[in-house]
Amino acid sequence: MMHPQIDELDRQLIDILSHDARVSNRKIAADLGVTEGTVRGRIRRLQNENLIAFTAITSFELGNQSRLAIIGVQADVVKARAIAEQISQLPMCNAVMLMMGRFTILAFCLFHELDQLHQIASDQILAIDGVHHVETSIAVRTVKYNARVVRITADH
Amino acid sequence: MNDRFEIDNVDRQIIAALRADGRATNQQIASDLGLTAATVSARIKRMEDANKLRVVAVSDFSAHGFNIMMEVAIEVDGRPASEVAAELAELPEVFAAHLVTGRYDIDLLVVLRSFDDLTELMSNRLSKVAGIRSMMPAIAVDVVKYQFDVAPIDAWDQS
């Protein structure tokens, strides 16, 4: 496990930028009582260490993908990583994790029409070699979702 | 959900520019796209006001000391699932809560600093929420893909 060194100033910076990435360094510096150079340096370090990333988050509906399905996959453990990587290739599957528990792999996939979900779950994922069982549940309502805290993978 | 909200190609180009660099100034985006800074600013504001766009810094779980992620499927009994979900959503460890179809009623994503936190979560928090019939956990061993530029923005100001 990685234990990055984050101090109070980093935390304050992350908090400000997680609400609005477009605040100027000058304003952040003034609010936190540090120099613009410090703000710039801290931001660069956090970015370089993959602790923060700046992005534009759009709502599900904008991409014509209004619904979320949580797809649990039971598969050969030996092939689990290869299968997870194959599922990752599906553009509609936004998050894919290797699990220990009642599923081998858990995928969060977006879809618009039920047909599409059926295609992802029953045609594409179930057809992958080593997949035994696919269980789909559709998110009817998102009660909470903290989109500001994520896994930043190296390729981002 | 507002289904009437439409975006055009200019909006899409602005979103793409912001995805590439969320810290780009309106002026930089405007010159790249052949627009005025005022147009860029107005377009961004329109999408933000409609909860369709947020330009933010996302931070890694590890920056917050979260080393463990679990998915917990919950079966509800004797209480509306939406009430149980709303109460669970108030717990800081609960990072996502969805009402779902299927065998379980609620799907949670829970983050923890270490397994020691599990005792506190189970005995002092989850056990106090009425209506939970069973909990079925799975531990995330590795995150293979995590795309974070699309999200249910309507729900996230809860967090």
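Throughout, protein chains are lettered first and strands after them, A, B, ... in sequence-line order, and every chain is numbered starting at 1.
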Practice task
Would you mind telling me which of Val100(B), Asp105(B), Thr101(B) makes a side chain to side chain contact (heavy atoms under 4.5 Å, CB included) with Val140(A)?
Solution key: Thr101(B)
Handout entry: side chain to side chain contact (heavy atoms under 4.5 Å, CB included) partner of Ile57(A), the single match among Val55(B), Leu18(B), Val56(B), Ile15(B)
Key = Val56(B)
Exercise for the section: Show which residues join Tyr104(B) in its hydrophobic cluster (side-chain heavy-atom contacts under 4.5 Å, direct or indirect), or state none. Expected result: Met136(B)
Handout entry: Whether over 12 other heavy atoms sit under 6.0 Å from Asn48(A) CG
Key = yes
Problem - Flag if over 12 foreign heavy atoms under 6.0 Å of CZ, Arg133(B) - result: no
Part of [X] within contact of chain B (heavy atom distance under 4.5 Å):
X         : value
Arg11(A)  : neither
Ile16(A)  : neither
Leu68(A)  : side chain
Ile138(A) : both

Once rounded to the nearest 0.5 Å, what's the spacing between atom [atom1] of [X] and atom [atom2] of [Y]?
X         : Y         : atom1 : atom2 : answer
His64(B)  : Arg148(A) : NE2   : CZ    : 10.5 Å
Lys144(A) : Leu109(B) : NZ    : CG    : 11.0 Å
Leu51(A)  : Ser59(B)  : CG    : OG    : 8.5 Å
His98(B)  : Ser137(A) : NE2   : OG    : 10.0 Å
Asp107(B) : Phe108(A) : CG    : CZ    : 6.0 Å
Leu53(B)  : Thr58(A)  : CG    : OG1   : 7.0 Å

Handout entry: Residue, of Gly22(B), Ala17(B), Gly102(B), Gly65(B), that accumulates the most heavy atom pairs under 4.5 Å with chain A
Key = Gly22(B)
Handout entry: Top contributor to chain A interface from Leu88(B), Asp21(B), Val94(B) [non-hydrogen pairs under 4.5 Å]
Key = Val94(B)
What part of [X] lies closer than 4.5 angstrom to a heavy atom of chain A: side chain, backbone, both or neither?
X         : answer
Met69(B)  : side chain
Ile7(B)   : side chain
Ser82(B)  : both
Ile106(B) : neither

Taking all atoms of both residues into account, what is the closest heavy-atom pair of [X] and [Y], and its distance?
X         : Y        : answer
Arg19(B)  : Ala56(A) : NE-O, 2.9 Å
Ala140(B) : Met97(A) : CB-SD, 3.9 Å
Ala21(A)  : Ala57(B) : CB-N, 3.8 Å

Which one, [options], leads in non-hydrogen pairs under 4.5 Å with chain B?
options                        : answer
Gln47(A), Met100(A), Arg22(A)  : Arg22(A)
Leu46(A), Ile43(A), Asn25(A)   : Asn25(A)
Thr136(A), Ile105(A), Ile70(A) : Ile70(A)

Problem - Salt bridge Glu71(B)-Arg102(A), side-chain N to carboxylate O under 4.0 Å - result: yes
Problem - Sidechain N-carboxylate O distance under 4.0 Å for Asp20(A), Arg54(B) - result: no
Handout entry: Evaluation steps, side-chain contact (heavy atoms from CB on, under 4.5 Å), between Ile87(A) and Lys145(B)
Key = CA-CA 9 Å; Ile87(A) 298 173; Lys145(B) 180 180 185 181; over 6 Å; no
Practice task
Begin with the C-alpha distance, continue with both residues' side-chain angles, and end with the deciding distance and a verdict on side-chain contact (heavy atoms from CB on, under 4.5 Å) for Asp60(B) and Asn50(A).
Solution key: CA-CA 7 Å; Asp60(B) 194 83; Asn50(A) 278 338; 5.9 Å; no
Exercise for the section: Find out whether Leu17(A) and Arg23(B) are in side-chain contact, i.e. whether some heavy atom of one side chain is under 4.5 Å from a heavy atom of the other. Expected result: yes
Practice task
Side-chain contact test, heavy atoms from C-beta onward, threshold under 4.5 Å: evaluate it for Val143(A) versus Leu99(B) and give yes or no.
Solution key: yes
Practice task
Give me the contact list for residues 115-132 of chain B versus chain A, heavy atoms only, anything under 4.5 Å, ordered by residue number.
Solution key: none
Handout entry: CA sep, side-chain torsions, deciding dist, call: Tyr146(B), Ile152(A), side-chain contact (heavy atoms from CB on, under 4.5 Å)
Key = CA-CA 7 Å; Tyr146(B) 203 104; Ile152(A) 300 174; over 6 Å; no
Problem - Hydrophobic cluster membership, Val77(A) vs Leu106(A), 4.5 Å side-chain cutoff - result: no
Exercise for the section: Any chance you could lay out the side-chain contact (heavy atoms from CB on, under 4.5 Å) test for Glu85(A) and Val144(B), step after step, and finish with the verdict? Expected result: CA-CA 7 Å; Glu85(A) 267 154 23; Val144(B) 179; 3.9 Å; yes
